[in-house]
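Remarks on the structure that follows.
Both backbone and side-chain heavy atoms feed into the values below; hydrogens, waters and symmetry mates do not.
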Amino acid sequence: MKAVTKFKANCLLYKEWIKRWRTLPVHAWIEAAALYKAGDYEKAATFYRKGLESHPRHPARINALLDLSHCLFRTRKFEESERFLRQATIVAPKERESYVRLARLQLWLGCAVEAAWTIRQCLQSVPADPELVTLFVTATVESGGVDHLVQEAKDLLADLHCDAEASPRLEVAKARFLMLAGDHGLARDDLAALAAKDRGPFEAVIAFAQVLLEEGKIAYSRHHLHRSLQVSPEHPRVLRMLASTYLEGGAFFEPEYAVQLATRACQATGWRGIHEMHILARAYAISGDKISALLIASKAKDAGQRLLGTYPEVRRLEKLIEDLSSGTQA
């Protein structure tokens with residue numbers, strides 16, 4: 001019975017494949033798709049690679065590249081994932097999904113200026129829409145407000161007209177952008193309202209937690225960060241922000257636990273996230289392990305030198321390295 005069911009499923013799959021791509025199926029990609037669906041990303045990646053090697057000009061190769069990059073992302077092979085996404089933008093320069101995924105990966109790794117450039121490249125051949133503008137504005141904010149990006153973000157926001165209810169993530173990006181520009185009144189209220197919704201945007205919860213953290217409202221910030229962890233348990237930004245709440249003096253002070261959280265954050269970026277390594281270095285320094293702190297801080301500085309643009313906290317990082325090198329308490 002199982003054999004008959006599988007045969008019928010394969011026949012249907014082959015029929016749909018031929019109808020869509022007007023070619024015979026690539027067996028390696030059929031196998032890869034089944035493994036992908038089952039969550040076996042390591043094996044799926046192997047079959048996607050085989051198919052790309054044997055059918056480098058197949059019309060379905062863009063889909064294979066996107067799926068392969070996701071498999072590599074899930075197995076924390078970020079450099080390879082990024083490489084295949086870049087290849088996808090070359091193979092199909094008008095395929096917006098390739099740029100969106102590449103920008104999201106770059107934001108995950110803390111490469112905000114790179115993400116902005118990726119969306120800028122996309123907008124040269126794809127019309128602006130709420131998702132693309134949201135990504136560009138988010139990247140602008142997370143870059144620390146690079147002047148030319150700020151102006152471009154203003155222009156994109158001015159030219160885009162859409163219903164706020166239909167694009168809540170864009171509203172989050174707008175609120176963050178206004179706060180970057182110094183408007184902490186209505187923008188903060190908007191962000192708080194978006195974060196308070198039961199099914200509000202994930203980005204709103206993280207962004208408002210950051211605002212609360214900067215205001216010194218540690219308990220409230222931690223509440224929202226725990227909400228975020230329930231949605232994305234390995235999100236590096238959430239983990240590093242949560243780690244930082246345990247580095248504040250008083251009742252919340254637990255530097256050893258901060259080390260654990262910050263280590264998880266670094267692992268979630270494949271040890272490429274400069275923000276995460278900076279927090280881990282601080283956590284090690286405060287907990288008394290200055291050798292580990294200096295090692296990680298130096299690694300963070302090296303990562304910062306490879307960034308397109310400047311790491312916003314570069315002066316604090318350099319000061320930490322200076323203090324650790326001279327033997328003073330960081």
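- Salt bridge E313/R282: absent, no basic N to carboxylate O contact under 4.0 Å.
- Rounded to the nearest 0.5 angstrom, R120 CZ and C122 SG are separated by 13.0 Å.
- Taking a cutoff of 4.0 Å between a charged side-chain nitrogen and a carboxylate oxygen, K50 and E53 do not qualify as a salt bridge.
- Of the charged side-chain nitrogens involved, at least one lies within less than 4.0 Å of a carboxylate oxygen, so that K77 and E42 count as a salt-bridged pair.
- In plain terms, the two heavy atoms of L52 and A64 that are nearest each other are CD2-CB, 4.1 Å.
- Counting heavy-atom neighbours within 6.0 Å of R272 CZ, excluding the residue itself, gives a total above 12.
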**OP:** Decide side-chain contact (heavy atoms from CB on, under 4.5 Å) for M179 and Q210; before the verdict, give the C-alpha distance in whole Å, the side-chain angles of both, and the deciding distance to 0.1 Å.
**Re:** CA-CA 12 Å; M179 292 187 73; Q210 180 69 53; over 6 Å; no
Subject >> Intermediate values then yes/no, ring-ring contact (aromatic ring centres under 6.0 Å, His included), F252 and Y246 >> reply: CA-CA 5 Å; F252 303 104; Y246 288 97; 7.9 Å; no
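- By the rule that hydrophobic residues join a cluster once side-chain heavy atoms approach within less than 4.5 Å of another member, L107 and V238 end up as members of separate clusters.
- Checked for salt-bridge contact, R237 and E203 miss the test: no charged N lies under 4.0 Å from a carboxylate O.
- The two atoms that bring A283 and L247 nearest to each other are CA-CD2, 3.8 Å, heavy atoms only.
- Remark: E215 engages R188, V211, L212, K217 in a side-chain contact (heavy atoms from CB on, under 4.5 Å) (not counting sequence neighbours).
- Checking side-chain atoms of S244 against main-chain N and O of M241 turns up a donor-acceptor pair under 3.5 Å.
- Here CD of E254 is found 13.0 Å from CD1 of I286. Values are rounded to the nearest 0.5 Å.
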Subject >> CA sep, side-chain torsions, deciding dist, call: L170, C162, side-chain contact (heavy atoms from CB on, under 4.5 Å) >> reply: CA-CA 9 Å; L170 178 59; C162 63; 3.4 Å; yes
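- With rounding to the nearest 0.5 Å, the separation of CG in D67 from CG in L65 is 9.5 Å.
- Within the model, atoms CD of Q87 and OG of S98 stand 10.5 Å from one another, a figure rounded to the nearest 0.5 Å.
- Under the 4.5 Å side-chain criterion, counting only non-hydrogen atoms from C-beta, I119 is not in contact with V133.
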**OP:** Let me see the working for R76 and E234 under salt bridge (Lys or Arg N to Asp or Glu O under 4.0 Å), right down to the final yes or no.
**Re:** CA-CA 11 Å; R76 296 183 176 176; E234 297 302 318; 3.4 Å; yes
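- Of the listed residues (Q230, H223, H224), just one forms a side-chain hydrogen bond (donor to acceptor under 3.5 Å, both in side chains) with R227, and that residue is H224.
- The shortest side-chain heavy-atom distance between L242 and T245 falls under the 4.5 Å cut-off.
- Here F47 sits in one hydrophobic cluster together with L35; the rule is ILVMFWY side chains under 4.5 Å apart, joined directly or through other members.
- Here I279 contributes atom CD1 and L261 contributes atom CG; the two are 11.0 Å apart, rounded to the nearest 0.5 Å.
- Looking at L280 and W271, their side chains come closer than 4.5 Å, going by heavy atoms from C-beta outward.
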Original post:
Going through the checks in order, is the side-chain hydrogen bond (donor to acceptor under 3.5 Å, both in side chains) test met by D155 and Q151?
Top reply: CA-CA 6 Å; D155 294 341; Q151 187 56 53; 3.1 Å; yes
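- A heavy-atom distance below 4.5 Å is found between the side chains of S143 and L149.
- Closest approach of A128 to L160, counting heavy atoms only: O-CD1, 4.4 Å.
- Closest approach of R169 and T134 over heavy atoms only: O-CG2, 3.6 Å.
- Taking the six-membered ring where tryptophan is involved, the planes of Y36 and H70 are tilted, since the angle between them lies from 30° to 60°.
- In this structure, the side chains of R49 and L72 come closer than 4.5 Å at one or more pairs of heavy atoms.
- Between L157 and F136, the closest side-chain pair of non-hydrogen atoms is not below 4.5 Å.
- When hydrophobic clusters are built by joining Ile, Leu, Val, Met, Phe, Trp and Tyr residues whose side-chain heavy atoms come closer than 4.5 Å, directly or via intermediates, L156 is not grouped with L178.
- For T118 (side chain) and L102 (main-chain N/O), no donor-acceptor pair under 3.5 Å exists by modelled atom type.
- Judged by distance alone, the side chain of S81 and the main-chain N or O of S69 form a donor-acceptor pair under 3.5 Å.
- With contacts defined as side-chain heavy-atom distances shorter than 4.5 Å, the pair H278/L320 qualifies.
- Listed here is the closest heavy atom pair of A204 and V172: CB-CG2, 3.5 Å.
- Under the 3.5 Å distance criterion, the side-chain polar atoms of T140 are left unmatched by any main-chain donor or acceptor of G145.
- Although no hydrogens or angles enter the test, the distance criterion places a donor-acceptor pair under 3.5 Å between the side chain of R61 and the main chain of H58.
- Here the closest heavy-atom approach between residue T138 and residue A173 is recorded as OG1-CB, 3.8 Å.
- Under a cut-off of 6.0 angstrom, the local environment of CD in Q305 is crowded, with over 12 non-hydrogen atoms contributed by other residues, nucleotides or ligands.
- Salt bridge absent: K319 and E322 never bring a charged side-chain N and a carboxylate O closer than 4.0 Å.
- Salt bridge status for D190 with K174: absent, with no side-chain N to carboxylate O gap under 4.0 Å.
- Between the CD1 atom of I296 and the CD1 atom of I291 there is a distance of 12.5 Å, given to the nearest 0.5 Å.
- The pair R176-E142 counts as a salt bridge, with a side-chain nitrogen and a carboxylate oxygen less than 4.0 angstrom apart.
- Y48 and V91 fall within the same hydrophobic cluster, defined by Ile, Leu, Val, Met, Phe, Trp and Tyr side-chain heavy atoms under 4.5 Å apart, directly or through other members.
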**OP:** Test side-chain contact (heavy atoms from CB on, under 4.5 Å) on F253 and I218 and set out the steps.
**Re:** CA-CA 11 Å; F253 186 65; I218 307 302; over 6 Å; no
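- Residues V100 and F202 are members of separate hydrophobic clusters, defined by side-chain heavy-atom contacts under 4.5 angstrom among Ile, Leu, Val, Met, Phe, Trp and Tyr.
- Side-chain contact between Y99 and L132: absent, with no pair of heavy atoms (C-beta onward) separated by less than 4.5 Å.
- M277 is connected to Y284 through a chain of hydrophobic side-chain contacts under 4.5 Å among Ile, Leu, Val, Met, Phe, Trp and Tyr, so both are in one cluster.
- Counting non-hydrogen atoms of other residues, nucleotides and ligands closer than 6.0 Å to CG of D163 gives a total above 12.
- Between the S326 side chain and the D323 main chain, a donor and an acceptor come within less than 3.5 Å of each other.
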Subject >> Chi angles and distances behind the side-chain contact (heavy atoms from CB on, under 4.5 Å) call for E97, I62 >> reply: CA-CA 10 Å; E97 185 63 21; I62 184 66; over 6 Å; no
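- No hydrogens or angles considered: nothing links the side chains of Q260 and E256 as a donor-acceptor pair under 3.5 Å.
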